[in-house]
Number of protein chains: 2
Amino acid sequence: MAKNKTLKFENPKVTVDIIIFTIEDNKLKTLLIKRKSPPFKGKWALPGGFLKKDEDIYNAAQRELNEETGIKGVYLEQLYTFGEPKRDPRGRVVTVAYFALVPRELMKIKAADDATDAKLFSIADSPVLAFDHRKILNYALYRIRNKIQYTNVIWSLLSKKFTLTEIQKVYEIIWGRRIDKRNFRKKLLSLGLLKSAKETLTGLRQRPAKFYSFKTTKYVELKRFF
Amino acid sequence: MAKNKTLKFENPKVTVDIIIFTIEDNKLKTLLIKRKSPPFKGKWALPGGFLKKDEDIYNAAQRELNEETGIKGVYLEQLYTFGEPKRDPRGRVVTVAYFALVPRELMKIKAADDATDAKLFSIADSPVLAFDHRKILNYALYRIRNKIQYTNVIWSLLSKKFTLTEIQKVYEIIWGRRIDKRNFRKKLLSLGLLKSAKETLTGLRQRPAKFYSFKTTKYVELKRFF
DNA sequence: TCAAAAGTGTTGTGTGTACACCCATGT
DNA sequence: ACATGGGTGTACACACAACACTTTTGA
């Protein structure tokens, strides 16, 4: 572009924000941090931060994820880029939003140095958020609800071993409706992507459930899935 | 984030690049421009440019689209944000890619002031592209091929009146396979989203085809579509 | 009258959905 | 023995896929 028009351009700051989804107490939750500094000091917000020099955007997202949860190597996908001129009162800030899917028991939540607190909120009743983070969160929710229908990425919310009832619950929680147990199992097992372990879930006063695990960690596009 | 570490951050430039899809001669094509200035002077590239001050990203994409094709108000969707540190030899440039779906006859192609030429290339045999634009184009192609399966957005490639054979060709071109005429028509019409016009396509030495048009310009999520 | 594409139905197969009872365990 | 969730099969409806011939026009 023409060098003599540089006044018309600007150098925005670029941030990365992350929606960290997990399942706890049969609810879909996301990690929020309480902001230590202005703007929106004391308000809850999505974890995130500025892109560093020579840092790839995806790596920045991984870094932020790790700073808040101590996790590496989970499912992390670019969601959308938000760049309305007024979305940050400090000036022009373009943010690239990512979302992560994390098994609850892998998370070690800690407030990073830009936050005074960090905790999981149920999507249904989370507080008022800083910036346009509510919009971003809603879009992430929309995306994951679509994605559940044609990929198996949401299996990333489960731990290595799980029962069929557990995986069904994940679908019910995200999909937001009850599923018939027999039909669910029939279809799920027919994909041929699970193998049953020898262990069972004992200690409950009921018939023990078989554990299953994934044959592969690859993500698969499914024709349609519920 | 900490103010005393500003050296570690940087202010990237932010650009918008657009993949403008259209159909011409029974082929899926995209608009490329020949770069007037370094880097990659003389090379073909996706149309795009820097984000202006106080300009929303989506508006920037619309502006770029309009500068190259004279079009407004067509389907335009954010694709992905590419931000590898070395993707632009001039320095750190993060680009937000959009794709547009445009009926061929609405386009008035003109080289904007950053280009010496602009023309449509068939996706199948397009030239070597500047920057990481080949990767971006490939991703756009992937996206549109998926999208065809569960939305009707690709109807945006058609003009207001069209025959059923024309819309079927769009599907065949993007989907990359032949479709049975009877099954296609049955399913398409069963959606209830088309109305038949009174006019027919005459002047060819064959039976005249009925024209159809869309009942609505809204985009619809379909369960699955071929 | 001929070439070229438009238009039109039926049948078999597979997939989704609805639905109810017995089983294994811990207390 | 009983409460609790685990585990299993069948029947119907619907959607998809395969398939060929007649019609209308312009030259």
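Every chain is numbered from 1, with letters handed out A, B, ... down the list of sequences.
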Whole-Å distance between [N] [atom2] and [X] [atom1]?
X      : N      : atom1 : atom2 : result
A/K187 : D/dG7  : NZ    : P     : 21 Å
A/R177 : C/dT17 : CZ    : C1'   : 12 Å
B/L201 : D/dT23 : CG    : C1'   : 16 Å
A/F184 : D/dG9  : CZ    : C1'   : 18 Å
A/Y212 : D/dG6  : OH    : P     : 12 Å
B/I179 : D/dA18 : CD1   : C1'   : 15 Å
B/R178 : D/dA18 : CZ    : P     : 14 Å
B/Q206 : D/dT25 : CD    : P     : 12 Å

**Prompt:** Using a cut-off of 4.0 Å on non-hydrogen atoms, how would the nucleic acid contact of A/L164 be classed: base, sugar-phosphate, or nothing?
**Reply:** nothing

**Asked** Does B/E105 pair with B/K160 as a salt bridge, N-O distance under 4.0 Å?
**Response** no

Could you list all N or O pairs between the protein and nucleotides 8-12 of chain C that sit under 3.5 Å apart?
{"residue": "C/dT10", "atom": "O4", "partner": "B/K186", "partner atom": "NZ", "Å": "3.1"}

**Request:** Not counting sequence neighbours, which residues clear ring-ring contact (aromatic ring centres under 6.0 Å, His included) with B/F82? List them please.
**Result:** B/Y80

**Item:** A/K27 atom NZ, neighbour heavy-atom count above 12 within 6.0 Å
**Value:** no

**Request:** For residues B/I19 and B/A97, report the shortest heavy-atom separation together with the two atoms involved.
**Result:** CD1-CB, 4.5 Å

**Request:** Not counting sequence neighbours, which residues clear salt bridge (Lys or Arg N to Asp or Glu O under 4.0 Å) with B/K215? List them please.
**Result:** none

**Asked** Are the ring centres of A/Y212 and A/F162 closer than 6.0 Å?
**Response** no

**Message:** Can you tell me if B/T165 touches the phosphate of C/dA6, counting only side-chain N or O atoms and a distance under 4.0 Å to OP1 or OP2?
**Reply:** yes

